[in-house]
Each structure stands twice: as structure tokens, then as C-alpha cells.
Amino acid sequence: MRRAVFLDRDGTINVEKDYLHRIQDFEFISGAVEAVRLLNEAGFFVTVVSNQSGVARGYYTEEDVEMLHRHIAAELEASGARIDAWMYCPHHPDGKGSYALPCKCRKPLPGMLKEAALLHDIDLAASIMIGDKLADIGAGISAGCRTILVRTGYGADHEKLVSASTQVCDDILAAAKSLVQSGLTPGRLS
Ligand SMILES: [Mg+2]
Ligand SMILES: [Zn+2]
């Protein structure tokens, strides 16, 4: 089985902007590309899990989300970094049409992590969720993962809300370095 790092997107990988969906508004958080590359090199299966309720609210489409993800992937690839799997939740209770359904994937529910585990043979108990919101931490805990809150995005505000079992790091690069340096990398599991 694989060991994954689940990454929130907005506020963790890229600068938080309300309902980001345009490529020209996308901006990596400093160190994010290096962080993903470190996780790749350490052998983690890097999976993005992102709430995108802007789809349900009619602010943008799933195609917009996927175009942005292709852009991010290309930017990462140009620097030798790679996201292994992309998951997003387009739903919201206040949304339109079929997007309003009560879903199991919107964080803090663990649906995206569990689905990724099934699809990609991931050992959730050996995996880590990194995000900037309490909802990310909740999803990670519900899925049985170790959790790291980053202080970027909403993280500085949400830091006081997480329990002591959640590690807190300044940003995604600090989190990745902490994981890699802890020696708990996949190659050393057995
Ligand atoms: Mg976020
Ligand atoms: Zn959903």
C-alpha cells in the first residue's frame, strides 16, 4: 500500500483568494513547489483534496477547476514536481441543481481521502493531511490520518482551534521538511 500526503489547495499550495478559478489569479505560496518535490522524492503519493463550492454556487464550472489544475500541474512539472492525483468537491448545500446534494466529499467529511485510498491503494493510517483550515484537519482525523495545520491562508486564525494531536507548521515547505526529516518516509516503512 502507498503512503500519501493529502494537500489542501487554496491557502496551502496557493495564495488564498476568494473562489479562485482564473489562471491569471493563481499564485504559489512561497516554497510550495519545493515542498511538493520533496514529498515526491521521499516517495509519498501526493494527492490534492480541495473543496470547490464555487461550482455549486455557480461562480465557475468544473471545467474551470480542471483547467486551473492542468495549469498548476504544468507549472509544477516545469520544476520537477508532481501531484499524483487531484480530487475536488464541487458540492454545497446552498448550491444549484445536482450540486446541492448532501455529499460525503466536502471537507470536513473524509470522502475524498477515502475515495483516493480506494482508487490508489493508499494506507490512510500511514498518511498525512496538510491544510490551512479546521475542515482539513477534521477530514484528516476522520480518515485516520496524521494531520498538519499550516499557518498560511486561514491557518493562523484556525491554529487556536486545533487540538494538540495536530502539528502546526509555518507553511507547506516547513511541513514537508518536517515529514521528510522525521524519517517516516515510505522507503523506511518496513
Ligand atoms: Mg484551504
Ligand atoms: Zn462533495
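Read the numbers this way: they start at 1 and go in the same order the structure lists the ligands and their atoms.
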Before giving the answer on side-chain contact (heavy atoms from CB on, under 4.5 Å), spell out for Thr166 and Ile148 the whole-Å C-alpha distance, their side-chain angles and the decisive distance to 0.1 Å.
CA-CA 6 Å; Thr166 296; Ile148 302 178; 5.7 Å; no
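Sorted by first and then second residue, the pairs that involve residues 98-118 and meet salt bridge (charged side-chain N to carboxylate O under 4.0 Å, His left out), not counting sequence neighbours, are Asp8-Lys107, Lys107-Asp136.
The set of protein atoms (N, O or S) found at less than 2.8 Å from the Mg ion (ligand 1) reads Asp8 OD2, Asp10 O, Asp132 OD1, by chain and number.
Of all protein atoms, those of element N, O or S that lie under 2.8 Å from the Zn ion (ligand 2) number 4.
Taking CD of Glu62 as the start and NE2 of His21 as the end, the distance is 14.5 Å to the nearest 0.5 Å.
Within 6.0 Å of atom CD in Glu77, 12 or fewer heavy atoms from other residues, nucleotides or ligands are found, so the atom counts as exposed in its surroundings. No more than 12 heavy-atom neighbours from other residues, nucleotides or ligands sit within 6.0 angstrom of CZ on Arg22.
Listed by chain and residue number, nothing satisfies the ring-ring contact (aromatic ring centres under 6.0 Å, His included) test with His91 (two or more places apart in sequence, or in another chain).
A salt bridge links Asp170 with Arg151: at least one charged nitrogen is closer than 4.0 Å to a carboxylate oxygen. Salt bridge absent: Glu41 and Arg82 never bring a charged side-chain N and a carboxylate O closer than 4.0 Å.
A donor-acceptor pair shorter than 3.5 Å can be found between the side chains of Ser178 and Gln167.
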